[in-house]
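These notes concern the structure reproduced below.
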Amino acid sequence: MAIVTPVEPVAGARRRLKLSSPATLEPIGEIEVATADDVRAALAAARAAQPAWAALSIEDRAQYMWRALEILLERQDEFVEVFRRESGKPRTDALMIEIFAACDALAYYAKRATRILKPQRQRLHGVLAFMKRFELVYRPLGVVGIISPWNGPFILSINPTVQALMSGNAVLLKPSEVTPYSGKLVGDLFQEAGLPQGVLTVLLGDGETGAALVDCGVDKVAFTGSVDTGRRVAESCARQLLPCSLELGGKDPMIVCADANIERASGGAVAGGFLNSGQVCFSTERVYVIDSVADEFIRRVVERTQALRQGGEEYEVGPIFWPKQLEIIEAHVADAIAKGAQVLTGGRRNPNLKGLYYEPTVLVNVTHDMLIMREETFGPTLPIMRVRDEAEAVRLANDTAYGLGATVWTTDNQRAIRLGTQINSGSVCVNDMTMTYGALEAPFGGRKASGIGHVNGDAGLRGYCYQQAILVDRLRGKQTENHFPYSAEKDAGMQKFMRFLWGTRLGRRLA
Ligand code: NAD
């Protein structure tokens, strides 16, 4: 994807969307928009297929993941071509962000889901331990609706799908209308891997299909996308009392301390800011650098940025995926310039290329009055602000509605952790950028407007289940024989017991 334009409607037929490449502006295809009826039919098929899928052992479900992994390894070049045709992203971005990460997710959950979802026997507290056995069981929710964005169209579709499937759910996946073919590949892959009919259905379409999916009667919605749409999804889920996870936008800060290795920090800023043309939810969106090292840092960032290539056979910074995003980037840079920011390099659409290319841009003299420091730009822009000290850096890092990720650059790990834990974000990377999503052990999620819930980590996988508490009476129900009738003697006995339990030393130890 791409650039999406509606096709002239034909009475009685499904709506169609025309797609064009953001790199060449040439047409690359058309999709039919799935209707609410299509969504309901897919739900019925998923409901029918899910019990048998859930009845398989986790190891048996894992076999489908291993098969999908083998197919993905074999067909990776073909998949990369689809991603690139739709998004124009560099081959290395496609391999690293989409293929490598997808292989890792398939293998990770195939190998570890049994341990993570194993029933947990836990000792109850106090005297209850003598009376009851307690087991926590993870059971699938049923049918999960997954809605994904365009910036990581394959990985952000397949990773939640793998987790939902491994937990025993059926899945309805609605990829972005901007990158439908990349999303559809998730369905093709699992179909080739032999996944039973109905367990996974990919529904192509736009917001209308997404809204129909949220409202169709699924048991959970796992949404990744913008804050505005996330809020709408959450409102609809609230009305239905449906659980949802919301992986939303970010405005990740980077803090460069005075003791940082400037060579590496400047490399990290450029990679973190311009990877996937800055269209990464936890890309580096703003930089705070301690004044004493700011000159050298900025000089190296500009040098490195000017060495990046755009267009041609091999390049680092591809096009912006669609015109709406390009407009936001242009508006943020124009607003910054109007308010006194200085552009050191870039700052405009690439005049030499036909597609939606925006030059990698470095700005200084930026302030928190500017959109570029407050709202998600989601483009190849790196605004850098000098700060007096670390306290000022942390204060500014937290001066945002978002709270997805953050990076801290210093040669002192203690300092990094001290600063990192003062930042209100779901994750912090020290001396690295954009790694958290790939560290599958780490729960990935945002604070504040960046979302609710997690993907990845034990918590992420278990989020596709409900926790069922099973309490087994050790005396096989004996005490219920004498529950009734109530009496003053029973009450007095209970009060005496409470005074012993929480009113004496021995009792407190037992409690
Ligand atoms: P978007 O919100 O416009 O669209 C996301 C998905 O929601 C698409 O599939 C779209 O068709 C669908 N949709 C649109 N309206 C809907 C509705 N009313 N009901 C249900 N679904 C609807 O987001 P986008 O522009 O595709 O993605 C970019 C955003 O996603 C950025 O803000 C980025 O930061 C965020 N993002 C977050 C993460 C994360 O993990 N936190 C990862 C990637 C992207």
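First listed ligand is number 1; within each ligand, the first listed atom is number 1.
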Is it true that F282 lies under 4.0 Å from ligand 1, counting heavy atoms only?
no

Any idea which atoms of ligand 1 are less than 4.0 Å away from a heavy-atom of L404?
41 (N)

Geometry only, no angles: is F378 polar-contacting ligand 1 at N/O separations under 3.5 Å?
no

Looking only at protein heavy atoms, what sits closest to atom 1 (P) of ligand 1 is S226 OG, 3.6 Å

Find all atoms of ligand 1 within a distance of less than 4.0 Å from any non-hydrogen atom belonging to K174, and give their numbers and elements.
8 (C), 9 (O), 10 (C), 11 (O)

Less than 3.5 Å between some nitrogen or oxygen of W150 and one of ligand 1, yes or no?
yes

Could you identify the single nearest non-hydrogen protein atom to atom 42 (C) of ligand 1 and state the distance to 0.1 Å?
C281 SG, 3.1 Å

So, N456 side chain and F444 main chain: donor-acceptor pair closer than 3.5 Å or not?
no

Please determine whether any non-hydrogen atom of Y437 lies less than 4.0 Å from an atom of ligand 1.
no

With heavy atoms under 4.0 Å as the rule, classify the contact between L156 and ligand 1 as side chain, backbone, both or neither.
side chain

Would you mind telling me if ligand 1 is within reach of the side chain of F223, the backbone, both or neither, using heavy atoms under 4.0 Å?
side chain

I'd like to know if the side chain of K174 and the backbone of G205 have a donor-acceptor N/O pair within less than 3.5 Å.
yes

Any idea which atoms of ligand 1 are less than 4.0 Å away from a heavy-atom of T224?
5 (C), 37 (C), 38 (C), 39 (C), 40 (O), 42 (C), 43 (C)

re atom 8 (C) of ligand 1, the protein heavy-atom contact at minimum distance is S148 O, 3.4 Å

Hey, does P175 sit under 4.0 Å from ligand 1 if you only count heavy atoms?
yes

Of all protein heavy atoms, the one nearest atom 35 (C) of ligand 1 is G225 O, 3.2 Å

Heavy atom of the protein closest to atom 19 (N) of ligand 1 (residue, atom name, distance):
A211 N, 3.4 Å

Heavy-atom nearest neighbour in the protein, as seen from atom 20 (C) of ligand 1, with distance rounded to 0.1 Å:
G210 C, 3.2 Å

Under 3.5 Å: donor-acceptor pair, side chain of Q240, backbone of S236:
yes

Going by atom types only, do D219 and N169 share a side-chain donor-acceptor pair under 3.5 Å?
no

Has the side chain of R61 got a donor or acceptor atom that lies under 3.5 Å from a matching backbone atom of W53?
yes

Give the ring-plane orientation class for F83 versus F154, where under 30° counts as parallel, over 60° as perpendicular and anything between as tilted.
tilted

Protein heavy atom at shortest distance from atom 32 (O) of ligand 1
E376 OE1, 2.6 Å

Check each heavy atom of I147 against ligand 1 and say whether those closer than 4.0 Å belong to the side chain, the backbone, both or neither.
side chain

Between L204 and T209, is there a side-chain heavy-atom distance shorter than 4.5 Å?
no

Hey, does L248 come in under 3.5 Å of ligand 1, counting only N/O atoms on both sides?
yes

Over 60° means perpendicular and under 30° means parallel, so tell me whether W150 and F321 are parallel, tilted or perpendicular.
tilted

Need the ligand 1 atom indices (1-based, order shown) with element for anything under 4.0 Å from a heavy-atom of R232.
18 (N)

Sub-3.5 Å donor-acceptor pair from the side chain of E247 to the main-chain atoms of V455, do we have one?
yes

Should S450 be counted as touching ligand 1, given the test is an N or O pair under 3.5 Å?
no

Using only atom types and a distance under 3.5 Å, with no angle test, would you say the side chain of S425 pairs donor to acceptor with the backbone of S427?
yes

Below 3.5 Å, N or O to N or O, backbone or side chain included: is there any such pair between E177 and ligand 1?
yes

For N151, the ligand 1 atoms with a heavy-atom partner under 4.0 Å come out as 43 (C), 44 (C)

Are any side-chain N or O atoms of T361 and backbone N or O atoms of T381, one a donor and one an acceptor, separated by less than 3.5 Å?
no

Quick test: of every protein heavy atom, which one is nearest to atom 22 (C) of ligand 1, and how far off is it to 0.1 Å?
T229 CG2, 3.4 Å

